[in-house]
Amino acid sequence: MAAHLKKRVYEEFSKVSQVTLEEVPSKKLRLTKPSKSAALHIDLCKATNPTDALQYLLSFARKPVEAESVEGVVRILLEHYYKESDNSVRLKIASLLGLLSKTQGFASDCIVDDAINTLNTEKSHQVLAQLLDTLLIIGTQLPDKTAVIQRLIDVACKHLSSTYFGVRNKCLQLLGCLGTVDKPLSKETDTGAGAGAQTSAVRDVLSLISDYFQDQDPRVRTAAIKAMLQLHERGMKIQQTIYNQACKLLSDDYEQVRSAAVQMVWVLSQLYPESIVPIPSSNEEIRLVDDSFGKICHMVSDGSWVVRVQAAKLLGSMHQVSPHFLEQTLDKKLMSDLRRKRTAHERAKELYASGEFSSGRRWADDAPKEKVDTSGVNLIDSGACGAFVHGLEDEMYEVRIAAVEALCSLAQSSRSFAEKCLDFLVDMFNDEIEEVRLQSIHVLRQISTHITLREDQLDTVLAVLEDSSRDIREALHELLCYTNVSTKECIQLALLELLKNLSKYPTDRNSVWKCLKFLGARHPTLVLPIVPELLSTHPYFDTPEPDMDDPAYIAVLVLVFNAAQSCPTMPALFSDHTFRHYAYLRDSLSHLVPHLRLPGRKQTASSGVEASGVGSGSLESAKNFLQDSLVRVSALQNLETPGAQDLLEFTIRDLLRLGELQTELAGSADFCATYLRCQLLLTKALQEKLWTMAVPLCLKQNAKVSTATRQILDETYKLEFLYSGLETQQIATIHNVRLQAKALQLILTARSKRGVDRVLGVCEKFLQDVESFQRLFMTELPHFQDSFVEKLLELMPRLTACKPLDLVKILQTTLRQSRCIHLKLPEQIHRASATIIEPTGESDNPLRFTSGLVVALDIDATLEHVQDPQTTVKVQVLYPDGQSHIIHPKPGDFRTPGPGRVRLITQVYLSHSAWTEPCQIEVRLLLAYSSSSSKLSSSKPAWNESMDGLPTSESSIEGTIHLSKPVKVFIMPKPARR
Amino acid sequence: MPDIKVTPLGAGQDVGRSCILVSIGGKNIMLDCGMHMGFNDDRRFPDFSYITQNGRLTEFLDCVIISHFHLDHCGALPYMSEMVGYDGPIYMTHPTKAICPILLEDFRKITVDKKGETNFFTSQMIKDCMKKVVPLNLHQTVQVDDELEIKAYYAGHVLGAAMVQIKVGSESVVYTGDYNMTPDRHLGAAWIDKCRPDILISESTYATTIRDSKRCRERDFLKKVHETVERGGKVLIPVFALGRAQELCILLETFWERMNLKAPIYFSTGLTEKANHYYKLFITWTNQKIRKTFVQRNMFEFKHIKAFDRSYADNPGPMVVFATPGMLHAGQSLQIFKKWAGNEKNMVIMPGYCVQGTVGHKILNGQKKLEMEGRATLDVKLQVEYMSFSAHADAKGIMQLIRMAEPRNMLLVHGEAKKMEFLKDKIEQEFSISCFMPANGETTTIVTNPSVPVDISLNLLKREMALGGPLPDAKKPRTMHGTLIMKDNSLRLVSPEQALKELGLNEHQLRFTCRVQLHDPHSDTDTLSRIYTHLKSVLKSYSIQHVPDGTVIVESIVIKVTSSAEEPNLKVILLSWSYQDEELGSFLSTLLKKGLPS
């Protein structure tokens with residue numbers, strides 16, 4: 001055997017050298033690598049004692065092995081394996097075999113036989129376990145080879161009776177990963193005997209594994225359950241018969257067994273929810289899902305927190321359970337000194353029902369009333385009783401979070417349960433760990449469609465508004481946006497607390513306003529009766545006009561106006577200044593204040609007309625307007641006439657204004673306007689007629705045109721990367737404009753610079769750009785008739801051949817002849833935007849710090865429609881001396897409060913040498929782009945692969961776009977004191 | 001039969017003066033050594049004369065274990081060790097060891113210095129007593145001597161409270177001390193593994209109560225404090241120095257932090273400061289939140305809570321003050337109460353139970369005018385609130401612990417007899433284990449069934465394995481043949497051959513012979529061959545031989561057929577088997593008695 005193997009290695013050597021002779025010498029290095037197996041062989045032969053051999057193997061394992069040399073290495077290893085007497089070395093070899101068979105491109109079935117053979121002679125249990133592990137790896141590599149898998153299963157069955165737990169473990173794992181329950185189809189052609197054997201083995205896999213549910217070793221029991229779960233995951237049908245066994249395992253002594261058993265019970269409950277199981281010690285029967293629900297509930301008070309977490313999590317996904325059982329989970333019969341006691345929740349509800357609210361409680365107010373029948377009290381509840389009550393009070397916050405999440409998911413599917421769990425969730429707002437509080441607020445928001453908060457519950461909810469954590473407050477605002485409340489007192493209460501919140505944390509302004517907007521819009525009828533009070537109007541007396549700049553007053557107005565939107569009788573209650581303030585707010589905070597129909601107002605008559613015009617269909621008409629303007633522009637044949645240019649300018653102005661008025665269309669309108677501006681700039685630049693002039697004369701003109709081209713280039717990058725929702729066609733159009741701008745640039749360089757070398761380089765680059773355009777937008781070319789690009793591509797063969805100067809000439813003519821491409825708007829375009837909320841830039845107090853040290857500046861910004869903000873958004877700090885720093889915020893600083901919206905809350909560190917007086921620095925957000933990471937190339941990876949040899953200069957452009965307006969921050973680095 | 005004896009000297013159907021004697025496997029252990037709050041005479045301490053009339057206790061006790069530092073669990077310790085006399089080891093956890101002397105000293109001061117009692121233990125005695133203490137760590141198994149080992153589990157309740165498992169051989173007892181199954185703001189929940197003790201001795205203070213969620217109470221408490229402070233009122237919270245006080249401090253501290261409140265919180269000084277110091281040190285004994293965050297900030301280093309000075313009580317503006325003692329019967333809390341009682345904006349929150357006769361009890365019952373010394377009256381205008389924060393397990397918690405530990409017997413102490421009765425019924429009904437509730441001085445004896453370990457020779461085991469059959473299952477008994485040798489105080493199970501060899505005995509063959517009469521018209525040989533075929537068909541997997549000399553041999557069993565001349569049809573079948581083949585032999589004899597198939 002050994003001799004044979006050696007021969008093989010030498011053969012391999014000789015084969016390699018032969019190939020080397022035939023191949024080009026440059027590839028020689030790569031092909032001589034297979035000597036690895038030989039090197040290993042030599043190393044192993046050199047090793048005199050097991051420790052050395054182990055060392056060699058360990059260092060060998062660190063290096064990767066190529067697919068083609070794997071087999072040689074495996075042979076060497078096996079040969080050594082047979083010779084080796086030391087267990088640890090054999091163990092390492094066995095694990096290496098497994099590792100090697102994972103190598104990609106290596107057909108591992110050729111070593112199956114050897115591996116099984118080694119198994120037969122092996123005495124050491126540990127090595128045996130490792131070998132089985134190797135077989136498992138091989139088996140998972142070959143999911144289609146039924147014959148091999150059948151053999152492996154047989155091997156596993158044979159070793160199942162081993163006395164060592166590790167071997168049994170691995171066998172079960174193997175059965176779980178490879179065992180089959182349904183007969184494979186290919187076996188039907190076999191002989192009858194073979195098929196019979198097959199069926200018996202098939203029937204066995206499940207019962208075989210379930211036999212080991214009672215193994216004496218907890219690790220084996222766990223492995224058996226896991227194997228069963230694995231079978232389930234692979235789509236095999238698990239029989240219901242093991243349900244009882246699994247339930248017994250729930251009371252196992254070992255936590256890992258219980259943990260796996262909980263999962264098993266859950267799986268069965270999902271598989272056979274409707275089957276009926278008997279209740280022990282009575283002759284009643286219940287549905288299996290209810291039974292298992294009760295059992296898993298029981299595990300929520302298990303001794304091990306790992307099991308508790310698991311049980312609590314799984315409870316959330318048992319939606320089929322009957323409502324009766326579900327509601328039990330929140331039930332906990334209170335008792336004091338053998339008398340029935342009401343829970344605080346019940347008491348609160350009763351207080352509320354009796355109309356008495358927030359009475360100071362006396363001692364013994366909660367004194368127990370009725371006497372409990374001692375025989376009726378069940379201290380250990382069979383089943384679901386109080387599972388969530390326990391889970392929510394658990395010591396470990398992991399369990400509490402899991403319980404909150406489970407509550408959420410169950411409440412979403414059951415309305416009545418949602419109402420019941422409300423009290424408990426509200427209680428969780430008071431948890432000691434912020435994560436839990438936050439989670440429960442989120443959960444309440446998610447189920448808020450099902451529920452209406454009572455006054456006392458709202459009271460508890462609102463108490464959290466004073467929390468010093470911004471996340472909590474904002475989550476709560478978000479929650480209040482979606483909450484239904486029951487009475488007008490609730491509205492008043494909420495408003496009061498929100499105003500308190502506003503005065504305590506002025507930075508919450510926007511969030512509070514938004515919250516009130518939704519609160520008003522949701523409850524117009526509840527707001528109506530309290531309007532006079534809110535606006536402090538009086539039937540007879542004029543009240544002083546409130547201060548318009550007071551955020552609290554604005555908050556009240558936002559609430560009232562939003563309520564008034566769907567309550568036409570409300571405006572009658574407004575006083576004069578309210579209408580004035582409405583007009584002002586409608587203009588300044590248009591996103592918070594809706595349009596109101598205000599009848600009988602002269603002042604609003606004009607706006608009323610506008611309203612009827614724009615009215616309900618305002619969005620529709622705005623869309624029409626946008627389309628009309630685009631059509632109008634596209635009707636222009638020649639942009640060079642002054643009339644056409646005027647029209648373009650007007651259209652751009654209109655579009656920009658439209659974007660301001662209609663936030664829904666802002667993206668599209670801006671996009672169109674920017675595109676048209678590019679066209680306009682291009683036309684104007686071409687009109688300069690610089691090519692007809694002599695070179696020295698055109699220098700001045702040159703400057704003008706080159707700024708224009710640069711501007712166009714910038715705009716095209718903005719067009720491409722700032723807007724989301726673009727289709728390939730639009731991107732191609734943008735690229736076309738960019739090419740035009742580049743051509744213009746090329747012409748300019750050619751005319752202004754002497755020396756062909758310089759121009760030559762630029763020309764080549766340009767041609768590459770054209771080529772890459774062709775590659776990228778092959779499918780879009782039909783839309784580009786008469787365009788610059790199309791003409792260029794027609795001329796391409798000539799272009800590549802001709803000299804730079806000729807090229808410039810051709811470009812000149814093409815540029816002038818080409819028609820501008822009309823933009824087709826996609827469905828929805830969003831412009832990425834960002835606003836820095838903090839710092840506000842209004843502060844006159846400079847931020848003082850010692851020069852040379854750092855100061856942290858808190859930045860709070862909202863980003864909208866930014867794709868992948870974690871990688872693209874940067875913070876730029878611009879110092880007065882022109883120094884600029886770009887800071888990458890941590891991924892954790894981005895929070896996502898809602899779809900399409902991202903919140904950046906981060907700190908940037910500033911530092912500078914000493915200044916004599918305070919000065920302002922600018923802080924702004926940047927959007928970094930690189931075309932290689934743009935969605936275009938990522939959506940077409942196939943192209944990238946097929947052409948990866950070609951240089952793609954186009955795809956590596958990187959730069960930044962300003963995303964937000966700069967904010968000025970006053971800082972003052974002081975000289976360090978000595 | 002071996003048994004375990006449990007005798008409560010205190011806390012048997014009673015609360016206070018916890019002291020339980022346990023005799024297990026020939027060892028005597030005293031669990032807790034507390035005092036009774038309700039008495040000022042001899043009944044205050046357990047009756048140690050039960051153990052011995054005169055002389056020291058050392059020779060009667062193997063060890064003393066103290067579960068936690070409350071005086072009703074450790075108050076009599078110096079008296080027992082120094083005045084009665086005990087020199088053996090006293091076990092308690094590290095925090096208990098640290099805090100216990102502070103409380104003992106305080107107790108001594110009040111009794112001796114204030115009440116002027118004599119014949120009481122001195123400071124030096126407390127010190128001497130603490131020198132005998134051996135500290136315990138959680139889950140650490142401590143060998144008291146060769147046979148007795150103890151192990152502590154976390155019990156919640158107060159800092160350093162522990163449950164103890166006492167084990168001698170395979171017999172074991174778990175004593176819970178006071179414990180809490182629901183976590184609170186500073187401590188976790190009690191936990192024990194499935195140790196299946198012979199007896200679980202559990203406290204049962206709240207045997208008939210199932211408590212509401214802690215959160216509601218906490219929320220109410222915080223809301224009330226918050227409202228009063230916002231109104232500009234002052235809040236007085238009378239507390240006992242240790243335990244609940246720390247919980248409430250943490251509760252208020254975190255709330256202040258969360259809500260950004262500015263009103264000052266004061267804590268009246270005294271032994272609390274020392275105790276707080278230990279709370280800071282023993283972070284590992286607290287709950288998850290405190291343990292996880294102490295690296296950034298130790299929760300017991302209060303930011304908002306400052307030491308109280310007498311003059312602060314007259315400061316204007318809102319404030320919260322924790323003051324001792326808890327029942328408003330004397331001291332600082334009463335002084336402050338007198339100052340603040342007149343203003344309806346103020347509030348007093350009683351966080352615990354108040355004994356009848358104290359000011360606390362009176363105001364809780366709604367008394368509006370209090371008579372003070374010197375015939376002065378005090379109008380109570382401030383709001384009075386009651387908030388119960390108790391750290392004992394309720395009925396459900398006790399049941400939960402029983403489920404965790406799976407004891408074979410239950411024993412209830414530290415509770416009222418009437419309430420215990422109810423819980424006892426419940427336990428017996430739901431776990432079907434027997435439950436005891438001895439009164440003080442009453443002994444409960446529980447017979448145990450300890451397993452006796454036997455060494456088995458490897459050869460025998462291997463031979464048994466080789467016989468086949470399913471793998472040994474730990475949960476199912478399996479029979480095997482062997483010889484038990486009891487020699488030199490050790491038990492060994494060996495194969496019979498080895499036993500013979502070791503003991504130098506000869507082997508005796510034991511054979512059974514049996515005659516079976518059978519009516520059969522055939523000749524003897526024919527009958528024999530018919531028996532042969534019959535057996536062959538019945539016993540398929542056995543070797544059956546028909547030997548030419550007129551016998552059939554099944555394994556080692558010999559079968560012969562004879563008949564007398566006068567009755568040729570009555571055949572007598574002779575069966576003979578050795579002792580080892582008893583099973584098969586008796587089977588064959590019954591088989592043949594049924595007759596042969598025709």
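Computed from a prediction, not measured in an experiment: that's the story for all the values here. Chain A is the first sequence line, chain B the second, and so forth, proteins listed ahead of strands; every chain is numbered from 1.
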A.B. asks: Do you know which of Glu255(A), Arg437(A), Met428(A) has the most heavy-atom pairs with chain B at a distance under 4.5 angstrom?
C.D. replies: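 So the answer, after comparing Glu255(A), Arg437(A), Met428(A), is Arg437(A).
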
A.B. asks: So which of Glu230(B), Met181(B), Glu218(B), Lys292(B) has the biggest tally of heavy-atom pairs under 4.5 Å with chain A?
C.D. replies: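 Highest number of pairs under 4.5 Å: Glu230(B).
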
A.B. asks: Need one label for Met259(B): side chain, backbone, both or neither, based on atoms under 4.5 Å from any heavy atom in chain A.
C.D. replies: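 Both the backbone and the side chain of Met259(B) come within 4.5 Å of chain A.
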
A.B. asks: Does the ring centre of His392(B) sit less than 6.0 Å away from the ring centre of Tyr179(B)?
C.D. replies: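 Not under 6.0 Å, so no.
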
A.B. asks: Check whether Tyr505(A) gets within reach of chain B through its side chain, its backbone, both or neither, counting any heavy atom under 4.5 Å.
C.D. replies: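 Contact with chain B is through the side chain of Tyr505(A) alone.
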
A.B. asks: Given heavy-atom pairs under 4.5 angstrom as the criterion, report whether the side chain, backbone, both or neither of Ile250(B) touches chain A.
C.D. replies: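 For Ile250(B), there is no contact with chain A at all, as no heavy atom is under 4.5 Å.
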
A.B. asks: Quick one, Glu253(B) with Arg297(B), criterion salt bridge (Lys or Arg N to Asp or Glu O under 4.0 Å). Give me CA distance, side-chain angles, the key distance, then yes/no.
C.D. replies: CA-CA 13 Å; Glu253(B) 167 87 8; Arg297(B) 185 190 157 202; 2.5 Å; yes

A.B. asks: Check for a donor-acceptor pair, side chain of Ser468(A) on one end and backbone N or O of Arg258(B) on the other, with a separation under 3.5 Å.
C.D. replies: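 Side chain of Ser468(A) to backbone of Arg258(B), a donor-acceptor pair under 3.5 Å: yes, one is there.
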
A.B. asks: Are the charged groups of Lys224(B) and Glu385(B) less than 4.0 angstrom apart, N to O?
C.D. replies: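 Yes, Lys224(B) and Glu385(B) are salt-bridged.
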
A.B. asks: Arg196(B) and Glu406(B): salt bridge (Lys or Arg N to Asp or Glu O under 4.0 Å), yes or no, with the steps?
C.D. replies: CA-CA 5 Å; Arg196(B) 301 197 173 87; Glu406(B) 296 189 0; 3.0 Å; yes

A.B. asks: If you round to the nearest 0.5 Å, how far is CZ of Arg231(B) from NE2 of His226(B)?
C.D. replies: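 The NE2 atom of His226(B) sits 11.5 Å away from the CZ atom of Arg231(B).
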
A.B. asks: Side chain, backbone, both or neither: which part of Glu416(B) has a non-hydrogen atom closer than 4.5 Å to chain A?
C.D. replies: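 Neither part.
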
A.B. asks: For Asp431(A), which atoms come within 4.5 Å of any heavy atom of chain B: side chain, backbone, both, or neither?
C.D. replies: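 Backbone plus side chain of Asp431(A), per the 4.5 Å heavy-atom cut-off to chain B.
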
